[in-house]
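Atoms considered below: every heavy atom in the structure, side chains included; atoms not considered: hydrogens, waters and symmetry mates. Keep in mind that this is a model prediction, so the values were computed, not measured. Numbers restart at 1 for each chain; the letters A, B, ... are given by sequence-line order, proteins then strands.
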There are 2 protein chains.
Amino acid sequence: MRREFKKKSRVLLIDDNYEHLAGIRELLNLEGTFDVVGIATNITVGLNLIKKYQPEIVLLDMNMPEKDGLQGILEIAKLDLGTKVLALSGYDDADLIFRAMKLGAKGYVLKTMASAQLIYAIEEVLNGKIYLPLALSSRFFEYFQQSFRQESEKEEVEEENLLSYLTQREEEVLELLTQGITYKGVASKLFISETTVKTHVNNIFQKLQVNDRTQAVLYAINNGFLTKKVKMAV
Amino acid sequence: MRREFKKKSRVLLIDDNYEHLAGIRELLNLEGTFDVVGIATNITVGLNLIKKYQPEIVLLDMNMPEKDGLQGILEIAKLDLGTKVLALSGYDDADLIFRAMKLGAKGYVLKTMASAQLIYAIEEVLNGKIYLPLALSSRFFEYFQQSFRQESEKEEVEEENLLSYLTQREEEVLELLTQGITYKGVASKLFISETTVKTHVNNIFQKLQVNDRTQAVLYAINNGFLTKKVKMAV
DNA sequence: GATTTTCTAGACCATGTGGTCTATATCTTA
DNA sequence: TAAGATATAGACCACATGGTCTAGAAAATC
């Protein structure tokens, strides 16, 4: 590894708990491969220090008063300095983990974890990897899958909606309507007369309980008529 | 643990490679805590065996000809027997991992991994956990974050779209159009005359380069006019 | 202060849209 | 075989919609 010949990695710490802050600084200094370029007890100060010292990685506490950690991740990203964020938290709140990762945190570790694991996490992140301990990734995935389950359940319910009463031909017509095509256009696309299209459209309106094409299109979109084909294409 | 007093867990294997199938069966039988109730070299047969033997867990190969593994996950879920699926694959394809997890796989392991790790994965999944080895979860998260990054970049681009040329009043009118309201309705809602509404609408059409309200509404929806307010509220 | 933009609103007209009713051929289902 | 659903299509009518042009008042910008 010959890490000792490498330049030390610049690290910045943001945590509203000063004790904890000092503890981590101590730990990282002892490790010897890190250079703690700054510490801050709130986001605003932290952002200024980041701009000033351009650390490679920021250890960011998630549970802070005022501007919370999620906001912090966003704002650090906005600086566009390529700063990596390793989220720190006292709790393994699935929602928080999910959102932090979604916003681009490179990792998420619990404060209760062994210091060796923290060091390891930092190194992994510095090496360009994303690090989430097994216990947390497990929580993350439960949340992740649950959100998709809810989505698909909602979709199933939606399949029992008014759209299901449409005949195949009516669906074809509706699909063209959702592209903003006129009667004439639909007629020529489906090789039927304009009046036939009108008949279909009128039947669609009655089945969807709407009065005009705009409402029909809106109903279709809101009830997954279009997305069904695109979305979740396995 | 006293695992030896527990009932053996019913396991089913699906993999188009019979050699591999037999190998895993051997491994699990040696382990002693599993009861391999069936093996199949394709999804269709596998589904029938699942219905028959109702295994607690299915080890499902992702890379199969014809019906692929993702389809398999979906169809096993549709059986609604609470069968847990542990995905097996030869490659750490991020997209495949992402989609498998999205569809509800309880875990994902590589065929190249040590057998002890496979056993561990199976046990974790049987215990109701979701198991993704660090290397794979790392790949998953890269993919996951990238998809969100693209999404937000796309949104930023979209803010530079034709919608931005609309005046405030025109936006108000458009918003009402997206609710399927007529000229008359818009006029009374905004306390202006119907002809004024028409003027606004015509201006909107020109700015959005469309010919009718349906297309305008579609443009608005597709370009985040409505969702912008709701979506991604951190 | 002059210019531009925005919001307002009218007139006129062609055409698209929606409502209703009738009707035939085909196909499915009871 | 009769009944029902579906796809087709015509006629007629009222009105909503879209295109174009003109124009005044207010606000913003230069």
Side-chain angles (χ1 to χ4, degrees), chain A residues 159-226 228-229, chain B residues 159-226 228-229:
Chain A
E159 277 171 29
E160 294 162 15
N161 65 18
L162 300 177
L163 285 173
S164 62
Y165 297 129
L166 297 183
T167 67
Q168 203 184 331
R169 198 59 161 171
E170 285 161 357
E171 280 190 5
E172 291 178 54
V173 173
L174 179 56
E175 188 168 347
L176 293 174
L177 286 194
T178 61
Q179 293 169 35
I181 302 179
T182 63
Y183 285 152
K184 221 183 285 263
V186 175
S188 76
K189 287 225 174 199
L190 297 183
F191 302 109
I192 54 182
S193 90
E194 208 178 322
T195 44
T196 305
V197 176
K198 283 184 54 176
T199 309
H200 285 312
V201 170
N202 266 292
N203 290 333
I204 292 171
F205 289 168
Q206 293 201 351
K207 289 185 178 176
L208 300 187
Q209 295 166 24
V210 298
N211 304 308
D212 56 57
R213 50 202 297 129
T214 309
Q215 286 175 12
V217 169
L218 288 170
Y219 185 93
I221 291 174
N222 289 328
N223 293 76
F225 182 72
L226 291 176
K228 213 185 291 176
K229 292 157 196 161
Chain B
E159 276 168 31
E160 295 162 14
N161 64 18
L162 300 176
L163 285 173
S164 62
Y165 297 129
L166 298 183
T167 68
Q168 204 183 332
R169 198 57 160 172
E170 285 161 357
E171 280 190 5
E172 292 177 55
V173 173
L174 180 55
E175 189 169 347
L176 292 174
L177 285 194
T178 60
Q179 292 168 34
I181 301 178
T182 63
Y183 285 152
K184 220 184 285 262
V186 174
S188 76
K189 288 223 172 199
L190 297 183
F191 303 108
I192 55 182
S193 91
E194 208 178 321
T195 44
T196 306
V197 176
K198 282 184 53 175
T199 309
H200 285 312
V201 170
N202 266 291
N203 291 333
I204 292 171
F205 289 168
Q206 293 200 352
K207 288 184 179 176
L208 301 188
Q209 295 166 24
V210 298
N211 304 308
D212 57 57
R213 50 204 297 129
T214 309
Q215 287 174 12
V217 169
L218 288 171
Y219 186 94
I221 291 174
N222 288 330
N223 293 74
F225 182 72
L226 293 175
K228 214 184 291 177
K229 293 153 196 163

[X] [atom1] to [N] [atom2]: how many Å, rounded?
| X | N | atom1 | atom2 | answer |
| --- | --- | --- | --- | --- |
| Tyr165(A) | dA5(D) | OH | C1' | 16 Å |
| Glu172(B) | dT6(C) | CD | C1' | 12 Å |
| Asp212(B) | dG19(D) | CG | P | 8 Å |
| Asn211(A) | dT20(C) | CG | C1' | 15 Å |
| Lys184(A) | dA14(C) | NZ | P | 15 Å |
| Glu170(A) | dT6(D) | CD | P | 7 Å |
| Gln168(A) | dA5(D) | CD | P | 18 Å |
| Leu174(B) | dT17(D) | CG | C1' | 16 Å |

For DNA chain C, which residues of residues 191-209 of chain B approach it to below 4.0 angstrom with any heavy atom? Ile192(B), Ser193(B), Thr195(B), Thr196(B), Lys198(B), Thr199(B), His200(B)

Residues Val217(A), Val217(B); criterion side-chain contact (heavy atoms from CB on, under 4.5 Å); working and verdict: CA-CA 9 Å; Val217(A) 169; Val217(B) 169; 5.6 Å; no

Taking C-beta and beyond as the side chain, do Tyr165(A) and Gln206(A) meet within less than 4.5 Å on heavy atoms? no

Using side-chain heavy atoms (C-beta onward) and a distance below 4.5 Å, is Leu166(A) in contact with Val173(A)? no

Check the pair His200(A) / Thr167(A) against side-chain contact (heavy atoms from CB on, under 4.5 Å), numbers first and verdict last. CA-CA 9 Å; His200(A) 285 312; Thr167(A) 67; 5.5 Å; no

On the nucleotide dG18(D), are OP1 or OP2 found under 4.0 Å from the side-chain N or O atoms that Tyr183(B) carries? yes

Rounding to 0.5 Å, atoms CD (Gln209(B)) and CD1 (Ile204(B)) come to a distance of 14.0 Å

Could you grab the distance from atom OG1 of Thr182(A) to atom CG of Asp212(B), nearest 0.5 Å is fine? 8.0 Å

